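Predicted model only: the values in this text are computed from it and were never measured. Below, chains carry the letters A, B, ... as their sequence lines are ordered, and counting in each starts from 1.
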Number of protein chains: 2
Amino acid sequence: MARSSTALHEQLLAAALRLFVQHGFRGTSLADIAAEVGCSKASLLYHFSNKEAILGELLLPVGKEMVALDARLADLEGDAAVRAGITGLVDLTVRFRQEIKVLFDNMADATALREADMEGLDGVGHRLVGVLAGGSSDPFDRVAATMALGGMFLTGGGQLEMDEETLREAMTISALRTLGRTPG
Amino acid sequence: MARSSTALHEQLLAAALRLFVQHGFRGTSLADIAAEVGCSKASLLYHFSNKEAILGELLLPVGKEMVALDARLADLEGDAAVRAGITGLVDLTVRFRQEIKVLFDNMADATALREADMEGLDGVGHRLVGVLAGGSSDPFDRVAATMALGGMFLTGGGQLEMDEETLREAMTISALRTLGRTPG
DNA sequence: AGAATAGCTGTCCGATCGGTCAGATCTGAC
DNA sequence: GTCAGATCTGACCGATCGGACAGCTATTCT
């Protein structure tokens, strides 16, 4: 077979993601990942320089998109910012269900992300809460914003099996409600 | 000093909780916990038969109260069940902020809980979603319920520093909104 | 055909981890 | 004082982990 090597690389990534979601980063050994795809541990370390590199390659796309969303929201204000924030977060959540769970579980371990150009990722959580709270620093608004944000992440990471369209709509409307805003 | 031994026992529990929240169960070593309170690893293992026993002693109270809440809700129906569910969850979340985070991070590892009389804990999450969804199996309702539930757990586990009364009120109202219900 | 390169593996290593154990120290009861 | 039991500790052990390395194989290029 011609490009079976590249195939293995992505098989390993998929297996790692699966195992990281199930057992956590620290709860998954290199041997586990290798065994999942039926290759040797040494072969795994041929494709990835070390364990953190797997995590990095897995989370870099999500991280980049979160930072991009964050930057996009910085130009907006008030109601427009809140709605754009929810739309963007719902989109991210639906597209990267498992990755987001892994990302937030292992934020502290993901040194690889910070060693990339991802320093911007650190404060993104707090800034998103700020946006969803409509810029308000009122405790009530911030709790609502944190709940909307947390709920989306947990719903996305959860094993809810339903068609993407319904999930998007349900998450959007529920989040708007949590923030005390009417849909539309 | 008289009962310094009992004091050490609880110092160890507090240190373990702190470290489990920060670095996770697997990311915390027995040596870390012992060092945090300045005693030897062997002394730690004198107070707790093994690492899981620490987790168990830390999570058993929360687990019991979650099962108790679950049982209490089983007798209710409709709107009353939803509101009692939210009240109960808010109460639990406020009282056991950190423990809940640890509980959900390490549900799979917490064999100790299942070895206690806590088998009832397994399905409690799904049942609570069912209650908050008002018994409905509509996908929309279940997403909203999951978001309200997830939001509360994440808000509670988060490091939001605010007075307990405000937090209770904000969480209750936000959760009711998420579920499309009017407060009061 | 032969060289070179990429892909893959078995084997080994140092570090760390959870846990054991025999013994030191301390305490209160008599 | 001394005895018993509780508390605490240093030293040690087997297992596991992340990672290094030298070599095997197959493909591709000249």
Atom-pair distance ([atom1] on [X]; [atom2] on [N]), nearest Å:
X       : N      : atom1 : atom2 : value
A:Phe48 : C:dG7  : CZ    : C1'   : 14 Å
A:Glu52 : D:dC17 : CD    : C1'   : 15 Å
B:Asn50 : C:dT20 : CG    : C1'   : 13 Å
B:His9  : D:dT7  : NE2   : C1'   : 14 Å
A:Leu55 : D:dG18 : CG    : C1'   : 15 Å
B:Leu45 : C:dG23 : CG    : P     : 20 Å

Side chain of A:Ser43: nearest nucleotide among C:dG19, C:dT9, D:dG19?
->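 Nearest to the side-chain atoms of A:Ser43, counting from C-beta on, is C:dT9.
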Nearest-neighbour nucleotide for the B:Tyr46 side chain, D:dT7, D:dG19, D:dT9 considered =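 Nucleotide nearest to B:Tyr46's side chain: D:dT7.
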What is the ring orientation for B:Phe104 with B:Phe153, classed by angle as parallel under 30°, tilted 30 to 60°, or perpendicular over 60°?
->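 Tilted: the ring planes of B:Phe104 and B:Phe153 meet at 30° to 60°.
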Tell me what A:Ser29 touches on the nucleic acid: a base, only sugar-phosphate, or nothing, going by heavy atoms under 4.0 Å.
->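 Sugar-phosphate, no base atom in range.
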Hey, does A:Leu30 reach any base, or is it just sugar-phosphate, or nothing, if we go heavy atoms under 4.0 Å?
->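 Counting heavy atoms under 4.0 Å across all strands, the contact made by A:Leu30 is with sugar-phosphate only.
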Distance under 6.0 Å and angle within 45° of ring axis: A:Lys51 vs A:Phe25 |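 Verdict for A:Phe25: a cation-pi partner in A:Lys51.
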Compute both the distance and the angle, then confirm whether A:Lys41 meets the cation-pi test with A:Tyr46: under 6.0 Å from the six-membered ring centre, within 45 degrees of the axis.
->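 No, A:Lys41 does not lie over the aromatic ring of A:Tyr46.
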Report the residue (B:Ala42 or A:Lys41) whose heavy-atom-nearest nucleotide on DNA chain D is the more 5′ of the two.
->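 Between the two, 5'-proximity favours B:Ala42.
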From CA spacing to verdict: side chain to side chain contact (heavy atoms under 4.5 Å, CB included), B:Asp141, B:Leu132 = CA-CA 8 Å; B:Asp141 292 336; B:Leu132 293 188; over 6 Å; no
